[in-house]
Amino acid sequence: MRHNTFLRLLGGAAMLALLCVTGSHQAFAEDKAAVEDARPFDVRSVNTFAGAFLAARTADVDRDFATATELYRIALRFEPDNTEVKQRLMITLLMSGKFDEGVKIAEALKADPAVERITTTVRAIEAIRKREYRSAQKLLNYQGPNDLDRLMSTLLSSWAKAGQGRPKEAVAQIKALEGPEWFRVFKNYHAGAIALAAGDKATARARLNDAILDREGGSAAPDTFMRAVEALARFEAREGNKQKALDTVAVGESMVNNYTPLEALRESIAKDEAQEQQVGNAAQGAAAVLFSIGGALNREGAEDIVTLYLQTARHLDPQSADILVMLGGIAENLKKQEEAIALYKSVPADSPMRRVSELQLGLALADVGKVDEAKKHLQALIEVDPKNIRNYLAYGSVLSDAKAYKEMGELYDRAVEAIGPVPKRSDWTVFFQRGIAYERQKVWAKAEPNFLKALELNPNQPQVLNYLGYSWVDMNINLGKGLDMIRKAVELKPDDGYIVDSLGWAYFRMNRFDEAVTELERAAELMAGDPTINDHLGDAYWRVGRKLEAVFQWNQALEMKPEEAEVPKIKAKIEKGLPPLKQNVPAAADAKETLPKKPGPEVAAPDKKS
């Protein structure tokens, strides 16, 4: 498993226990072949400790926690007292959401110093769930040096005090917590939430106001910040302060554009609907602590520890929509689409997050090959809410992936109608995607105005600048302006290998081969492993006389599995090289085309057209 540096800095023993899949060298020596045959295989066929343990480790590293759990159980049949296996079994149970079983092992391992932090936290969480608040408080008396463990233990302990009917002491305990600046947004939100649950309106308003004014903290922990915004807005709405509630929502919108739950909350407040707080008791508060920390850590490389926090939070608050959606997103990132689909389907129907989960569900269905089901699902969302532009963008991404460009163009025609005569800045995405749909159909007369409209709405959007600029260069029109657009896109996103590749390929198409080599070499460094970039670099090398290097790059491109249509072209170049340059032929004569990668529902656009 990965050992991410920032996790080492933030996390304590509990994190390291989670991230390190330790192993027995003796077991490896006994049955080395077991790992090789671990997938696919029949778990019931495993009949040695070494085979079970090594296969479990393989499943563990692959994040197949269900299989790992079964195999660790088999291993324990052979060695019932093996502490290492018990530790890993506990972790895999927790990671797969089987908290009740995991906490039993945590109780048995409570004296084991290797996993002391995690067993203590798990036992405290279970005590809070059972309303055994005094027991929880004793377990949460952390005196160690780790900031994250100290923050988590103090916040959980404070919710345990609140559960005992001692909210003032709980708030005072949070206030007394010393630590780095990034503690502040967590402290203010949870102190405010405890005060709200206790009916202390003045303290709740003061602490939540402090939380939403902390923009630096909001940037570091956006999920906690948004929970504070929603809590304060709902509170003001319940107090009859409708304008204050809407102003609070506006603060959140200024931090994060097009955030679906805030849009739903604004609509609900405007309709004078009753507002219920997301956190109303100690169990939900403890779940919010784990969600807050998990959300702040949620990034590539931290999937395991975030999953642990979120699965534990889910045990306390199983209907929390934002926990379910975040878990679904992690599952998608790890290519566990079926698990993501199940999580998205479990989001409560009455939650504002249901809109997010429905969109992601449609995309996940397409990712597992259920394209017809995905299309039907996303079409139904548009019919129910034809003004919601995200629905069109999600459906459009599925059509783009299926190369159904005619249908994609018709879809975005409907989206533009839904937008109306005065589009917002954020609507640039729709026009950009409609432009792509028409460009792919080779209807440039309809494509170009959409690209220009997207730039009118968002003049410095690098993806649009890149796409339109390259299209002009590719067609041998507006060459100077097109090249300037691509250069500007590179200035805006200098580390984007796809856009740098476009600049290099534009130089190539204009027969400026030395400049093409410079840019394409940089693109290959930025995006190692992309077959199109290596193919382009090979072409540029050939034109400057570096023919051996050109053939090497083309062979590299073949090994990287390019699109099927490109394979015979690359093989032909390996065999014969490029043909001599023709005189007086427009640069576009030798053009190649590479389809853009599928955009997500709210990220509009391919970074590359080549």
Side-chain angles (χ1 to χ4, degrees), residues 10-18 90-91 94 99-100 102-180 182-195 197-198 221 224 279 281-297 305 308-317:
L10 287 180
M15 289 189 180
L16 294 180
L18 169 68
M90 176 183 69
I91 296 296
L94 295 172
F99 192 93
D100 288 332
V103 75
K104 291 178 182 177
I105 300 178
E107 189 66 37
L109 294 176
K110 63 185 179 182
D112 182 355
V115 286
E116 183 271 335
R117 283 301 304 139
I118 198 166
T119 56
T120 298
T121 302
V122 166
R123 292 163 59 218
I125 291 296
E126 180 66 358
I128 290 174
R129 189 185 71 83
K130 291 180 176 180
R131 300 185 181 183
E132 297 171 356
Y133 301 120
R134 293 184 185 277
S135 297
Q137 257 190 276
K138 291 178 182 177
L139 289 167
L140 292 166
N141 185 27
Y142 177 71
Q143 301 296 325
N146 185 268
D147 285 337
L148 195 64
D149 282 344
R150 199 155 47 82
L151 175 68
M152 180 176 67
S153 295
T154 301
L155 294 179
L156 289 173
S157 174
S158 297
W159 277 106
K161 280 187 177 178
Q164 297 173 58
R166 299 157 58 193
K168 290 187 182 299
E169 292 179 45
V171 171
Q173 178 172 288
I174 293 174
K175 186 177 179 181
L177 174 63
E178 295 182 356
W182 55 267
F183 272 24
R184 191 170 56 240
V185 69
F186 297 99
K187 290 173 59 177
N188 281 322
Y189 167 64
H190 286 282
I194 287 172
T224 302
V279 175
N281 56 49
Q284 290 174 335
V289 172
L290 298 165
F291 174 78
S292 295
I293 294 172
L297 294 173
I305 187 60
L308 177 66
Y309 280 127
L310 294 179
Q311 288 287 18
T312 306
R314 186 183 179 190
H315 178 67
L316 291 166
D317 193 0

Among all residues two or more places apart in sequence or in another chain, which pass the side chain to side chain contact (heavy atoms under 4.5 Å, CB included) test with [X]?
{"X": "Ala198", "answer": "Pro167"}
{"X": "Gln311", "answer": "Thr307, Arg314, Leu327"}
{"X": "Lys168", "answer": "Asp200"}
{"X": "Leu151", "answer": "Leu155, Leu177, Trp182, Phe183, Phe186"}

When rounded to the nearest 0.5 angstrom, what is the spacing between [atom1] in [X] and [atom2] in [Y]?
{"X": "Asn141", "Y": "Thr154", "atom1": "CG", "atom2": "OG1", "answer": "9.0 Å"}
{"X": "Trp159", "Y": "Ile174", "atom1": "CH2", "atom2": "CD1", "answer": "8.0 Å"}
{"X": "Leu316", "Y": "Ile125", "atom1": "CG", "atom2": "CD1", "answer": "5.0 Å"}
{"X": "Asp149", "Y": "Asn146", "atom1": "CG", "atom2": "CG", "answer": "4.0 Å"}
{"X": "Ile118", "Y": "Thr312", "atom1": "CD1", "atom2": "OG1", "answer": "7.5 Å"}
{"X": "Ile105", "Y": "Thr119", "atom1": "CD1", "atom2": "OG1", "answer": "12.0 Å"}

Sequence neighbours left out, what passes side-chain hydrogen bond (donor to acceptor under 3.5 Å, both in side chains) with Glu178? Give chain and number order.
none

Residues which pass salt bridge (charged side-chain N to carboxylate O under 4.0 Å, His left out) with [X], listed by chain and number, not counting sequence neighbours:
{"X": "Lys175", "result": "none"}
{"X": "Lys138", "result": "none"}
{"X": "Glu132", "result": "none"}

Salt bridge (charged side-chain N to carboxylate O under 4.0 Å, His left out): which pairs involve residues 118-128, sequence neighbours left out?
Glu107-Arg123, Glu126-Arg129, Glu126-Lys130

How would you list all residue pairs meeting salt bridge (charged side-chain N to carboxylate O under 4.0 Å, His left out) that involve residues 152-166, not counting sequence neighbours?
Arg166-Glu169

Is the backbone N or O of Arg150 less than 3.5 Å from a side-chain atom of Ser153, with the two atoms forming a donor-acceptor pair by type?
no

Would you call Ile91 and Val115 a side-chain contact if the rule is heavy atoms closer than 4.5 Å?
no

Residue set satisfying ring pair (Phe, Tyr, Trp, His ring centres under 6.0 Å) with Phe99, at least two apart, ordered chain then number -> His315

Would you check, one step at a time, whether the test side-chain contact (heavy atoms from CB on, under 4.5 Å) holds for Tyr189 with Val185?
CA-CA 6 Å; Tyr189 167 64; Val185 69; 5.5 Å; no

How close do Ala170 and Ala162 get, counting heavy atoms only, and between which atoms?
CB-N, 4.0 Å

Between Gly163 and Ala282, what is the shortest heavy-atom contact and its length?
CA-CB, 3.9 Å

Donor-acceptor contacts under 3.5 Å from residues 284-292 side chains, at least two apart:
residue: Gln284; atom: OE1; partner: Gly280; partner atom: N; Å: 2.7
residue: Ser292; atom: OG; partner: His190; partner atom: NE2; Å: 3.3
residue: Ser292; atom: OG; partner: Thr224; partner atom: OG1; Å: 3.3
residue: Ser292; atom: OG; partner: Ala288; partner atom: O; Å: 2.7

Given side-chain contact (heavy atoms from CB on, under 4.5 Å), test Val122 with Leu94 step by step and report yes or no.
CA-CA 9 Å; Val122 166; Leu94 295 172; 3.7 Å; yes

